[in-house]
J.: 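I have a structure I would like to understand better, so I am pasting it below and will then ask my questions one at a time.
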Amino acid sequence: GAGVSQSPSNKVTEKGKDVELRCDPISGHTALYWYRQSLGQGLEFLIYFQGNSAPDKSGLPSDRFSAERTGGSVSTLTIQRTQQEDSAVYLCASSLGGGSTEAFFGQGTRLTVV
Amino acid sequence: AQKVTQAQTEISVVEKEDVTLDCVYETRDTTYYLFWYKQPPSGELVFLIRRNSFDEQNEISGRYSWNFQKSTSSFNFTITASQVVDSAVYFCALSEARRAGNQFYFGTGTSLTVIP
């Protein structure tokens, strides 16, 4: 597709379960970002990938959160032992690389932990 | 400290009124980039504009215009003759060349409601 694709659109999980969220960036975009948006809140930075460089994980809230990007394309955000406070919309974005270029966002995955 | 401040949490205007959304940023970099995004009720963030720190020219795109003033560290967004379809949350964002690409710093957003 032409845009950033995220799956699933919605995910309901039980507290304590692990979840995986997927992001397909725009073809050719070397930079990929994950953000989290809680209800009515702004965007919280989680992690950033740029090409083959080591990712910037400075925004991950705990060691229950991890992310991978395989082959410089698809990324998976994994949350282990989910907690209710993890409930949020997880947004993925990609850009041509570097903060000088705009990022394009997917529609997000709405995660609900019950 | 917040790098991007959007002091207006919610704004309501009547259709056809003009409205300005404020954005104040903070950075020590001489090279940086500013952005505005729109998040309609559907939820997907839509890119509106990018500005680099060396270009202080105001920009107009249809009913939208942006006023970038380095002297006051502001990048304000004006919608002229607002329409109901403009109802959305608008986010201002900053990225810094020194840490190019590491992240975009977003403000907390301004929720705009245009009343018909």
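Below, chains carry the letters A, B, ... as their sequence lines are ordered, and counting in each starts from 1.
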J.: Is the CD atom of A:Glu14 crowded by more than 12 outside heavy atoms at less than 6.0 Å?
T.: no
J.: With a 4.5 Å limit on heavy-atom distance, are the side chains of A:Gln37 and B:Phe106 in contact?
T.: no
J.: A quick test of your reading: do over 12 heavy atoms of other residues, nucleotides or ligands sit less than 6.0 Å from NZ of B:Lys70?
T.: yes
J.: In the single-linkage hydrophobic clustering (I, L, V, M, F, W, Y; side-chain heavy atoms under 4.5 Å), do B:Ile11 and B:Val114 co-cluster?
T.: yes
J.: Given heavy-atom pairs under 4.5 angstrom as the criterion, report whether the side chain, backbone, both or neither of A:Ala103 touches chain B.
T.: both
J.: What part of B:Tyr37 is in contact with chain A, defined as an atom under 4.5 angstrom from a non-hydrogen atom: side chain, backbone, both or neither?
T.: side chain
J.: At what distance, to the nearest 0.5 angstrom, does CZ of A:Phe105 lie from CZ of B:Phe104?
T.: 7.5 Å
J.: So for atom CZ, which belongs to A:Arg110, do other residues, nucleotides or ligands contribute more than 12 heavy atoms lying within a distance under 6.0 Å?
T.: no
J.: Is chain A contacted by the side chain of B:Gln6, its backbone, both, or neither, given a heavy-atom distance below 4.5 Å?
T.: neither
J.: What are the two closest non-hydrogen atoms of A:Glu102 and B:Phe35, and how far apart are they?
T.: CA-CE2, 3.6 Å
J.: Let me check something: do B:Val24 and B:Ile49 share a hydrophobic cluster, defined by ILVMFWY side-chain heavy atoms less than 4.5 Å apart, either directly or through other members?
T.: no
J.: For A:Glu68, does the CD atom sit with more than 12 other heavy atoms under 6.0 Å from it, leaving out its own atoms?
T.: no
J.: Name the region of A:Glu44, side chain, backbone, both or neither, that has any atom closer than 4.5 Å to a heavy atom of chain B.
T.: neither
